[in-house]
K.L.:
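Have a look at this one.
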Amino acid sequence: MKSSKEKTFTEKVYDVVRKIRKGKVLTYKEVAEKAGNRNAVRAVGTILSKNFDNNIPCHRVIRSDGKIGQYNRGESEKIRLLKKEGVIL
DNA sequence: TAGTTGACCGGAA
DNA sequence: ATTCCGGCCAACT
């Protein structure tokens with residue numbers, strides 16, 4: 001049986017990021033892999049940048065290099081949110 | 001349809 | 001350690 005729901009990669013990324021709990025952080029590569037394409041790490045960043053939904057803690061997604069990465073409201077804000085949730089940088 | 005964009009990654013100098 | 005460059009992909013125009 002098959003349901004032809006075919007969510008776009010964007011929807012998948014949102015779903016993955018939405019599942020991130022407080023104090024947890026994933027890298028863009030991890031998100032891309034969970035979304036179905038580990039090669040689409042670039043697309044993930046592009047997609048999240050277009051996301052303005054507060055229901056999606058996109059600030060919990062960081063780079064694989066251990067750096068924070070960009071954020072809609074500024075990297076400083078992203079760092080602050082992570083530290084506030086107990087994430088060790 | 002094809003071209004451009006972009007919150008990245010990894011390797012090389 | 002930092003900086004530069006190319007590659008890879010989905011969505012938008």
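Note on naming: letters A, B, ... go to the chains in the order of the sequence lines (proteins, then strands), and numbering restarts at 1 for each one. Source: prediction; values computed, not measured.
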K.L.:
Would a distance-only check, ignoring hydrogens and angles, find a side-chain to backbone donor-acceptor pair under 3.5 Å from A:Lys78 to A:Val61?
P.N.:
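Flag set: sc A:Lys78 to bb A:Val61 pair under 3.5 Å.
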K.L.:
Figure out the CG/C1' separation between A:Asn51 and C:dC12, and round it to whole Å.
P.N.:
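For the pair A:Asn51 CG and C:dC12 C1', the rounded distance is 16 Å.
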K.L.:
When the distance from OH of A:Tyr14 to C1' of C:dA10 is rounded to whole Å, what number comes out?
P.N.:
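Spelled out: OH on A:Tyr14 to C1' on C:dA10 is 12 Å.
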K.L.:
In whole angstroms, how far is the P atom of B:dT5 from the CD1 atom of A:Ile47?
P.N.:
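In whole Å, B:dT5 P and A:Ile47 CD1 are 18 Å from each other.
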K.L.:
Counting only side-chain heavy atoms from C-beta out, which of C:dA11, B:dA7, C:dC8 sits nearest to A:Asn39?
P.N.:
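Ranking C:dA11, B:dA7, C:dC8 by closest atom to the A:Asn39 side chain puts C:dC8 first.
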K.L.:
Among the nucleotides C:dC12, B:dA7, C:dC8, which one has an atom lying closest to any side-chain atom of A:Lys50?
P.N.:
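For the A:Lys50 side chain, the nearest candidate turns out to be C:dC12.
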K.L.:
State whether the distance check finds a donor on one side and an acceptor on the other, under 3.5 Å, for side chain A:Arg42 versus base C:dC9.
P.N.:
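Check fails, no donor-acceptor contact within cut-off.
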K.L.:
Does a nitrogen or oxygen in the side chain of A:Asn37 sit under 4.0 Å from OP1 or OP2 of C:dC8?
P.N.:
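Looking at the OP1 and OP2 atoms of C:dC8, neither is under 4.0 Å from any side-chain N or O of A:Asn37.
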K.L.:
So does A:Asn51 get a backbone contact from the side chain of A:Asn72, meaning a donor-acceptor N/O pair under 3.5 Å?
P.N.:
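Yes; judged by distance alone, with no hydrogens or angles, the pair exists.
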K.L.:
Between A:Thr46 and C:dA10, is there a side-chain N or O to OP1/OP2 distance below 4.0 Å?
P.N.:
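It does not, given that no N or O in the side chain of A:Thr46 lies less than 4.0 Å from OP1 or OP2 of C:dA10.
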K.L.:
For the side chain of A:Arg60 and the backbone of A:Ile20, is there at least one donor-acceptor N/O pair under 3.5 Å apart?
P.N.:
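Yes; judged by distance alone, with no hydrogens or angles, the pair exists.
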K.L.:
Is any side-chain N or O of A:Arg63 closer than 4.0 Å to OP1 or OP2 of B:dC8?
P.N.:
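True: A:Arg63 side-chain N/O within range (under 4.0 Å) of B:dC8 OP1/OP2.
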K.L.:
Starting at atom CD1 of A:Ile68, determine the distance to atom P of B:dC9, rounded to an integer number of angstrom.
P.N.:
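It is 12 Å, rounded to the nearest whole Å.
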K.L.:
So what does A:Ala43 touch, heavy atoms closer than 4.0 Å: a base, only the sugar-phosphate, or nothing?
P.N.:
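Contact class for A:Ala43: base.
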K.L.:
Taking CG from A:Asn72 and C1' from B:dG6, how many angstroms apart are they, rounded to a whole number?
P.N.:
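That distance rounds to 12 Å.
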K.L.:
Between B:dA12 atom P and A:Asp65 atom CG, what is the distance in whole Å?
P.N.:
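After rounding, the reported distance stands at 15 Å.
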K.L.:
What is the distance from CZ of A:Arg38 to P of C:dC9, rounded to the nearest Å?
P.N.:
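Going from A:Arg38 (CZ) to C:dC9 (P), I get 12 Å.
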K.L.:
When rounded to the nearest 0.5 angstrom, what distance separates CZ in A:Arg63 from CD in A:Gln70?
P.N.:
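Those atoms lie 8.0 Å apart.
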K.L.:
Need one value for A:Tyr28: base, sugar-phosphate or nothing, where a base atom within 4.0 Å counts as base even if backbone is also close, heavy atoms only.
P.N.:
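A:Tyr28: base contact, heavy atoms under 4.0 Å.
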K.L.:
Measuring to OP1 and OP2 of C:dA11, would you say a side-chain N or O of A:Thr8 lies under 4.0 angstrom away?
P.N.:
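Indeed, a polar side-chain atom of A:Thr8 lies that close.
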K.L.:
Whole angstroms only, please: what is the CD1-P distance between A:Ile62 and B:dC9?
P.N.:
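The distance from CD1 of A:Ile62 to P of B:dC9 comes to 9 Å, rounded to the nearest Å.
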K.L.:
Between A:Asp53 (side chain) and A:Asn55 (backbone), is there a donor-acceptor pair under 3.5 Å?
P.N.:
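Yes, A:Asp53 side chain to A:Asn55 backbone: donor-acceptor pair under 3.5 Å.
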